[in-house]
Each structure stands twice: as structure tokens, then as C-alpha cells.
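Here is the structure we will look at, set down as C-alpha cells.
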Amino acid sequence: MNILVINAGSSSLKYQLYDMSTEQVLAKGRVERIGMDSSILTHEVEQQPEVREVSEILDHTTAIRKVLDMLTHAKFGVLSNIQDIQAIGHRVVHGGESFSESVLVDQAVKLEIRKLFDLAPLHNPAHMMGITAVETNLPEVPQAVVFDTAFHQTMPASSYLYAIPTVLYKKHQIRRYGFHGTSHDYVSKRAAEFLGKPLESLKLVTCHIGNGASCTAILNGRSYDTSMGMTPLEGLMMGTRSGDLDPAVVPFTLNKEDLTLNEVNSMLNKHSGLLAVSGISSDMREVVEAMKAGHENAKLAFEMYAYRIRKYIGAYIAAMDGVDAIIFTAGVGENSDVLRKEICRHLTFFGVTLDEERNAVRSSEPRTITTDDSAVSVLVVPTNEELLIARDTYRLVRNKLAGDSSEL
Ligand code: ADP
């Protein structure tokens, strides 16, 4: 079965086509600048030069059509026929309390996703455009949705509630949802396989450190607590997001700086974090380079960033009353040995002994970066959210096909 995984944003759309018999990526790419002039489609097939096509793509329906044309293109395509795509899997950021697992798309599911627009105004409407665009182009092909929040629906109320009047939760579902669930789920499963232990027996802290960043306490295979909240702003310091801060900072800043609420919101989401503290960049590579060159604010930003991850790891070890392994993943977590070292050198109390040589190794496979006698293992596990979306879609479609044929 071939499955097309789609991550639709408001002006962009990323895709990966999987052959599920081998879990190989046959082709991948992205459409950028949808709705603007000079939209760009970039298409990649392994061991072939990247294809770049500039044209006018005014909406998501056209974007999907262009992707399908490219996938079946005589020269650059990988499929002879569009019917060779048997299912589509979409990433959807917010599933609210309605979705604790991936589901096949039907009218009721679409209605629920629409109801959640308020909670994820930048993301869910764009995902809906992706779903509708597929329906228009491929009306017969089943679609599944995989939610970033679903994995965290196992959190107990003591983790997900905020200590504010309960009426706000009841009326508006104001609570912690958590994000990056697909990644935390994927790397925890991969880590258990790697350790050769059942996931259900493990206490794990997973650290997804990319542009956005979150830590999750995973107790016996289920999310027990996570650092992002009702929105992805809470928790760790990130590339451009502040992470945790006293909520009173918001009204105080509004008064003092004569800013609007939108401006403060934008400041906390887009102009804070590594970028604000370093004054250089939101990209960890550039911050580390500047730090090595003696830039004081880059050093401070790096230390704050690492310190906050360490505090969450410590909190989650206490929350679970122990830990078997700590896992780093995503752009920064997988690649920055300097950051991992800075975090781990202060975790000795918990039984972490970093092996510096192992920490410096680069690989696309899961690996241990602690010594053999370290009481707690620290692992680097490359994430693959698209693969998990493809797997969930595959499972749901196969189950449906099996159900349909048993009904005959
Ligand atoms: P997202 O999916 O949240 O956009 P990624 O997980 O792809 O982000 O991570 C992107 C970030 O990874 C970049 O902003 C960059 O800071 C960081 N990154 C990539 N390579 C390295 C590296 N070698 N060292 C440090 N940071 C890196």
C-alpha cells in the first residue's frame, strides 16, 4: 500500500510518499508560497537531483494537484498512476479532548476539527484546507488524521489542569494539551525497542528539542506530563518562544510598553527565546558558534536553554519517582552534542554518566551516549513523525478494509 503523508500549513504543504511494504520513502517535497505569486514546488526522489518548479499556486487544491502531477510525472514521478496512492495521512496539530488517537476522516471528524479552530487558529484551519483539497482531487481515497495532542490525552487531571477557576476549563476547555505527541510517541517506542525492554515497564523522559521544544514524562508507555500547555508557548525556552514565564508579565508589559495584546502575543511567540536572549539567532548552531567566539549573550542564552531542559528533566524524574532513560530528539536534540553535554553534566545526581566519545558520534540510528555503567541511559533517537503518521494511516485503512470485507 502506498500512503501519502501531508502536513498542510496556511501557505505551505509538505508531503512524503511511503511504500508501506518496505516503509521506504518513494518521494518527498514541499509546496511553498501558496496563494502568493511565484509559488515553489520542490520534489525529491532518492539518488536523483532535486526538482524545483515555480508557478502560480493560488490554493491548497491546486497545490495537491501539482503534487499528484509530480508524483506521476513521466520523468520525475515515482508512480505510473494516481490510483497507486491508496490512502492519505494528515498531520493535525490540535485534537483537543475529542481525539485521543488517530482516526479516519468522515463528516463527524471534520466537524470536530472545525470546532477546534479556536484552540489552534494558525494550524487547524490550514489542515482542514489540506483535507478538503485531497477530497477534491482524490474523492475515493481514504484519509486519516494524526493529532499532535492525541498522545498526551492519557495525562491525569493533576497534570493537565491549570490552577485557575474550574469554570474556565468547563466552559472553554482551558487546560494543558501538549504537542509534539507524534514525536514523543515515536521515539519512546523506538527507545524501548533499542533497550530491548517492554515500553509498558519503562519510565522515560523524552526531550523533543527543535525550533519548538518540549519534554514529556512517559510512564509505562503513556504520557504522564508534558511541558507545552494549552498552546505550544508554555514550557521550555525555544528558538523564538519564551516558554514559561510569570503570566503577570503580560499585563505589566501591556501597560509599560503601550502594546496591544496581539503584539505581546507575537513578542512571546516570535521574538523571544534563544533569539531574544542571544540577540543573534534562533538557530542553535549560530548561537553555539557565537558562544565559542566569546559572545557573552550567546553564552547566557545557551546556558538558560540547557538549564530549563535540565529543570524539566529533574521535575519529571520526581513526577514518575524514577527514570530508566532520557531521550533526546529533533533538530537540536539529535545534533547538538554541546547542548547534550551541558545538560547531562548536571544530571550526575540521578545516575547519569555521559560518555563523551559516544556523545560526539553522529548517526541516523538510535544510540546510547552514556557509559555502560551509567545507572540511567541517555539516548539519542532520531524522530520520524511522518513514518508514524504513515503507520497509523496504514493500520486504520487496513482495519477498515478488513471490517468492510467481513460485512459482505
Ligand atoms: P522544527 O521541526 O521544530 O522546525 P527541527 O526539529 O527540524 O525543527 O529543528 C530545527 C533546528 O535544529 C534548527 O533551528 C537548528 O537550530 C537546529 N539544528 C540543526 N542542526 C543542528 C546542529 N548541528 N547543532 C545545533 N542545532 C542544530
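Basis for what follows: all heavy atoms, side chains included, without hydrogens, waters or symmetry-related copies. This structure is a prediction, so every number in the text was calculated from the model and none was measured. Counting starts at 1 for both ligands and their atoms, following the listed order.
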One finds that the ligand 1 atoms under 4.0 Å from a non-hydrogen atom of Gly212 are 3 (O)
Gly210 N/O to ligand 1 N/O under 3.5 Å
no
Is Arg175 close enough and on-axis enough to Tyr169, meaning under 6.0 Å and within 45°, for cation-pi? no
Check this for me: Lys110, atom NZ, are more than 12 non-hydrogen atoms of other residues, nucleotides or ligands nearer than 6.0 Å? yes
Does either side chain, that of Glu32 or that of Ser12, offer a donor lying less than 3.5 Å from an acceptor on the other one?
no
In ligand 1, the atoms that come under 4.0 Å of a heavy atom of Ala330 are 6 (O)
Residue, atom and distance of the protein heavy atom nearest atom 17 (C) of ligand 1 read Val332 CG2, 3.5 Å
Filtering Glu334, Arg285, Glu385 for the heavy atom nearest atom 25 (C) of ligand 1 leaves Arg285
Side chain to side chain donor-acceptor pair (under 3.5 Å) test vs Lys299 passes for just one of Glu296, His295, Glu303, namely Glu303
among protein heavy atoms, the one nearest atom 23 (N) of ligand 1 is Asn335 CB, 3.3 Å
| message | Between Thr216 and His208, is there a side-chain donor-acceptor contact under 3.5 Å, judged purely by atom types and distance? | response | no
**Item:** Glu286 versus Ser281, side-chain donor and acceptor atoms under 3.5 Å
**Value:** yes
| Close N or O approach (Asn211, ligand 1; < 3.5 Å) | yes
heavy-atom search around atom 26 (N) of ligand 1 in the protein gives Met284 CB, 3.6 Å
Ranked by distance from atom 15 (C) of ligand 1, the top protein heavy atom is Asp283 OD1, 3.3 Å
Checking heavy atoms under 4.0 Å, the part of Arg362 that sits near ligand 1 is side chain
Does a donor on one side chain and an acceptor on the other come within less than 3.5 Å for Tyr162 and Glu234?
yes
Is there a donor-acceptor contact under 3.5 Å linking the side chains of Asp244 and Tyr312? yes
*asked:* Determine whether the aromatic ring centres of residues His94 and His127 are separated by less than 6.0 angstrom.
replied: no
Q.
For atom 2 (O) of ligand 1, is there a protein heavy atom at a distance under 4.0 Å?
A. no
Note to self: What I want to know is whether Ser282 and ligand 1 share at least one N or O pair that is separated by under 3.5 angstrom.
What the structure shows: no
The closest protein heavy-atom partner of atom 18 (N) of ligand 1 is Gly331 O, 3.6 Å
